[in-house]
Undergrad: 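Supplied in structure tokens, the structure appears directly below.
Quick caveat, the model's predicted, so the values are computed rather than measured.
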Amino acid sequence: MGIAFDHAPERPEHIDAILNGLDRYNPETTTVFQDYVSQQCEHRTYDCYANLALLKLYQFNPHLLRDEPVTNILTKALTVFPSPDFSLCTHLLPSYILSPPSSSNNPSSNPTPGDAPLSEAVQKLTILNNLLSGAKYREFWQTLDKDDLYADLIADVGGFEELMRVRIAVTVGQSCREVERGVLEGWLGLTGAPFEHFVREVCGWGVDDTRGAKGMVVIPINKENEAKGTVVKEDVKFEQFGRVVRRAYEQPA
Amino acid sequence: MALYQRIPYQTADRQKLDENESDQEEDALVNDYKEQAHFDEGLEDGGGSYGGSGGQYQDMQAQLAAAATPLEYQATLETKFASYDNYCNLFHYILNSEGPVDLEPPSPFWAWDVIDEFIYQFESFCRYRHRVARNPNAAQNSTGDDDFALLRDNPNTWGCYSVLNVLYSLIQRSEITSQLAAMKENTDPSLVAGDYGSRPLYRMLGYFSIIGLLRVHCLLGDFSLALKTLDDIELNRKAMFARVMAAHFTTYYYVGFCYMMMRRYADAIKMFSHILVYVSRTKNFQKNNQGQFDSITKKNDQMYALVAICVAFNPTKLDDTIHTALREKYGDTLTRLQRGGPEALPIFEDLFRSACPKFISPTPPDFSSPALNVDPVDHHTAIFMDEVRNTLYNPTVRSYLKLYTTMDLNKLASFLEIGKEELRGWLLVNKQRTRQVRWSEGGLLDGEVVLGGELDYAVQGDLIHVSEAKVGRRLVDWYLRNLARTY
């Protein structure tokens with residue numbers, strides 16, 4: 001049995017009650033959800049379904065919208081890539097949020113979408129999301145370092161960098177059995193002792209220094225990186241023959 | 001065994017087998033529809049015989065009929081405002097009278113029609129308001145009336161809260177969720193139906209309000225909540241919506257679309273295929289009803305476009321009927337979609353725009369700054385296109401790896417004329433996207449991660465190991481079909 005999208009193991013009861021009732025549309029619950037977002041950031045838990053409910057309240061009541069919970073929700077959604085959560089969250093944001101900013105030499109008095117701080121933040125986070133979804137992990141770390149705005153955006157989300165590293169490691173572990181150390185260093189944005197610590201202690205992988213230019217990281221075989229050929233055989237169930245058997249009874253020859 | 005009570009999928013190929021089981025169910029569905037079509041005809045013959053005794057009764061009947069009738073295309077804003085007021089009055093009367101009201105709906109499908117039309121008017125009003133706010137001048141020039149001021153000064157007309165309020169109230173009054181739960185457990189729904197829900201009018205209104213919510217949430221871009229709304233409805237032939245063609249059709253379109261937006265392409269294809277096969281089998285019977293037939297033809301084409309998109313993301317074997325029709329409609333387009341690469345981008349975008357629901361923004365637009373009122377369709381398309389762009393090279397990767405059992409990373413990179421680092425990225429992306437959540441049991445949001453395609457691989461340093469899930473020969477299907485033919 002898989003896990004349903006709307007399920008979150010650590011969701012408190014009072015949040016669950018709101019989500020299952022009509023109070024999820026009640027503007028007064030906005031603060032409850034906002035607190036819950038902060039709590040997720042602090043305790044490193046994640047509840048996309050509840051966060052979407054908050055974004056929906058903002059969608060219905062634009063005057064209640066606060067930038068910080070929105071960016072925190074999106075940043076949290078990055079930590080579970082390559083799931084569609086980030087996209088699902090952006091779908092609920094105001095439609096101008098992704099429009100390109102106006103060029104600075106345009107003296108028009110009308111505000112254009114991309115100028116607002118929230119638009120800028122969302123677009124910056126979207127860049128990160130696209131880098132992650134495109135598996136450009138090295139560029140992801142470089143981009144993250146380059147811009148001070150990112151430091152602000154991820155500041156609230158406890159352990160963001162570590163969560164990202166774990167997530168990247170998971171996707172690498174699915175696809176690879178051995179990776180050159182240099183490549184993996186780029187992907188994880190780590191070098192030297194912290195890199196070795198992360199790879200050995202957190203991931204439980206091995207490092208073989210004797211091979212390659214800088215050594216080779218060896219990932220134990222798991223179900224995903226095994227890539228074993230299989231032959232799918234037919235499952236035959238007796239019920240499939242039900243019609244035939246019935247006919248045999250109904251029309252004795 | 002109900003259509004959807006199946007064992008969890010392990011591979012894509014099992015689907016084919018399961019479909020045979022559902023053949024019987026489908027036959028029954030088609031027969032149901034044929035009966036219904038005849039019933040429909042009979043009804044039309046006796047049309048116009050509603051003349052009740054009192055004038056009040058006739059008034060009410062006229063109101064009920066009006067609520068289920070589409071507004072004229074050219075309807076002025078005043079008509080739209082008036083129509084909103086009429087709906088408010090009607091629903092207020094139905095919901096807030098002392099005790100359940102005794103109404104006789106003008107047609108057996110009235111409950112569906114009225115909810116459908118109610119949401120359609122909400123949708124088109126929101127879209128019109130948005131367009132006017134974005135282009136204030138255009139609105140004034142075309143009609144001569146000052147729609148701009150009228151819309152700006154009446155922000156509460158067709159408000160999203162009141163529309164949702166109607167739908168949720170109808171659901172609550174009719175106790176439809178408890179009734180459906182009782183039906184699921186095979187107990188008597190009338191025990192939990194209450195005063196309101198035991199009447200067919202309330203029950204049907206409540207039921208179709210659930211489908212209405214699915215649609216509204218989807219139009220607002222909340223795809224997971226849209227699917228969650230259907231928790232109480234089982235998608236099988238015993239479902240009430242299957243009795244009303246338009247409802248049946250609408251449900252599958254929106255469920256399929258929501259799955260697609262949640263990147264559950266296999267589930268989306270399953271939904272679209274189910275309804276497209278059903279439509280193709282009942283086509284001859286729908287021609288009696290020209291209006292409905294036209295709208296179904298349009299949605300039909302849209303769903304084929306969505307199937308094309310889903311298949312491009314998630315190559316899979318389609319039902320023969322669907323496959324043939326898809327080739328006919330989108331032969332060349334489909335080939336280009338499946339090839340991927342930058343040339344496919346505009347095709348994805350065109351198809352998506354032509355086939356997506358008409359998204360709306362729930363709140364009044366900002367009338368003082370037109371530039372802020374970006375069309376919601378543009379917004380959702382942009383987000384969708386990001387995903388297309390991120391996975392654009394999956395077909396390329398697949399097409400090469402299919403040919404080898406092992407492959408050197410450098411060699412493949414030089415074939416593709418890209419750098420090694422970039423190729424590693426492509427491989428990781430494709431690998432991630434072959435894993436997707438797939439429904440097996442429970443609510444529509446449930447599911448487990450399965451391997452989508454037949455191709456799998458792992459990278460060991462510079463070496464790519466490729467493996468394939470081969471499909472053994474399948475005889476039972478062939479055997480049974482021939483047996484059924486001759487015996």
Undergrad: Is B/Tyr168 in contact with chain A via its backbone, its side chain, both, or neither, using a 4.5 Å heavy-atom distance?
TA: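 The answer is the side chain of B/Tyr168.
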Undergrad: Sort by residue number and list every residue of residues 357-367 of chain B having at least one heavy atom under 4.5 Å from chain A.
TA: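 So the qualifying residues are B/Pro362, B/Thr363.
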Undergrad: Would you mind telling me which of B/Arg435, B/Met261, B/Glu422 has the largest number of heavy-atom pairs within less than 4.5 Å of chain A?
TA: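 With the most close heavy-atom pairs to chain A, the winner is B/Arg435.
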Undergrad: Could you tell me which of A/Leu88, A/Leu98, A/Leu92, A/Asn225 has the largest number of non-hydrogen atom pairs under 4.5 Å with chain B?
TA: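 The candidate making the most pairs under 4.5 Å is A/Leu92.
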Undergrad: Name the option with the most non-hydrogen atom pairs under 4.5 Å to chain A; the candidates are B/Gly461, B/Gly159, B/Pro376, B/Ala382.
TA: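 Looking at each option in turn, the highest pair count goes to B/Gly461.
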Undergrad: Show your working on side chain to side chain contact (heavy atoms under 4.5 Å, CB included) between A/Tyr137 and B/Leu428 and close with a plain yes or no.
TA: CA-CA 10 Å; A/Tyr137 306 136; B/Leu428 287 175; 3.6 Å; yes
Undergrad: Measure B/Leu164 against the heavy atoms of chain A and call it side chain, backbone, both or neither at under 4.5 Å.
TA: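 Only the side chain of B/Leu164 comes within 4.5 Å of chain A.
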Undergrad: As an exercise, state the distance from OH of A/Tyr25 to OH of B/Tyr161, rounded to the nearest 0.5 Å.
TA: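 Answer for the OH-OH pair, A/Tyr25 versus B/Tyr161, is 9.0 Å.
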Undergrad: Please look at A/Leu131 and chain B and tell me whether the side chain, the backbone, both or neither of the residue comes under 4.5 angstrom of a heavy atom of that chain.
TA: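 Neither part.
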Undergrad: To the nearest 0.5 Å, what is the distance between OG on A/Ser95 and NE2 on B/His380?
TA: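 Reported to 0.5 Å precision, the distance equals 8.0 Å.
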Undergrad: How many angstroms lie between CG in B/Asp462 and CD in A/Glu178, if you round to the nearest 0.5 Å?
TA: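 Rounded to the nearest 0.5 Å, the CG-CD separation comes to 10.5 Å.
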Undergrad: Just give me the residue among A/Glu180, A/His7, A/Gln59 that pairs up with chain B most often, heavy atom to heavy atom, under 4.5 Å.
TA: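 Of the options given, most contacts go to A/Gln59.
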Undergrad: What part of B/Gln460 gets closer than 4.5 Å to chain A, counting heavy atoms only: side chain, backbone, both or neither?
TA: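 For B/Gln460, backbone and side chain are both near chain A.
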Undergrad: How long is the straight-line distance from OG1 of A/Thr126 back to CD1 of B/Ile383, given to the nearest 0.5 Å?
TA: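 The distance works out to 8.0 Å.
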Undergrad: Under the 3.5 angstrom rule, does the side chain of B/Lys431 hit a backbone N or O of A/Glu224 as a donor-acceptor pair?
TA: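 Such a contact is found between B/Lys431 side chain and A/Glu224 backbone.
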Undergrad: Only pairs of heavy atoms separated by less than 4.5 Å count here; which of A/Gly242, A/Ser87, A/Ser83 has the most with chain B?
TA: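 So the answer, after comparing A/Gly242, A/Ser87, A/Ser83, is A/Ser87.
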Undergrad: Looking at B/Arg433, B/Arg389, B/Gln432, which one has more heavy-atom pairs under 4.5 Å with chain A than the rest?
TA: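 Counting heavy-atom pairs under 4.5 Å, the top option is B/Gln432.
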Undergrad: Once you round to the nearest 0.5 Å, how far does CG of B/Asp378 lie from OH of A/Tyr96?
TA: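 Atom-to-atom, B/Asp378:CG and A/Tyr96:OH are 16.0 Å apart.
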Undergrad: Sort by residue number and list every residue of residues 169-176 of chain A having at least one heavy atom under 4.5 Å from chain B.
TA: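 Only A/Thr171, A/Val172, A/Gln174, A/Ser175, A/Cys176 of residues 169-176 of chain A have a heavy atom under 4.5 Å from chain B.
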Undergrad: Could you give me the CA-CA distance, side-chain angles and deciding distance for A/Phe5 and B/Val437, then say whether side chain to side chain contact (heavy atoms under 4.5 Å, CB included) is met?
TA: CA-CA 10 Å; A/Phe5 180 82; B/Val437 182; over 6 Å; no
Undergrad: With a 4.5 angstrom heavy-atom cut-off, which part of B/Leu220 approaches chain A: side chain, backbone, both or neither?
TA: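 For B/Leu220, backbone and side chain are both near chain A.
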Undergrad: Please confirm whether the backbone N or O of B/Phe384 pairs with a side-chain atom of A/His91, one donor and one acceptor, at under 3.5 Å?
TA: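 Checking the backbone N and O of B/Phe384 against the side chain of A/His91, no donor-acceptor pair under 3.5 Å is found.
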Undergrad: Between chain B and each of A/Thr90, A/Val217, A/Ile219, A/Asn130, count heavy-atom pairs under 4.5 Å; write down the option with the most.
TA: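 Greatest number of close heavy-atom pairs with chain B: A/Asn130.
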Undergrad: Using non-hydrogen atoms only, which part of A/Lys56 is less than 4.5 Å away from chain B: side chain, backbone, both, or neither?
TA: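 Side chain only.
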Undergrad: Output the distance between atom CG (B/Asp386) and atom CD1 (A/Ile127), rounded to the nearest 0.5 Å.
TA: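 If we round to the nearest 0.5 Å, B/Asp386:CG and A/Ile127:CD1 are 10.0 Å apart.
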Undergrad: For chain A, which of B/Arg264, B/Glu421, B/Gln436, B/Lys420 has the most heavy-atom pairs under 4.5 Å?
TA: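 With the most close heavy-atom pairs to chain A, the winner is B/Glu421.
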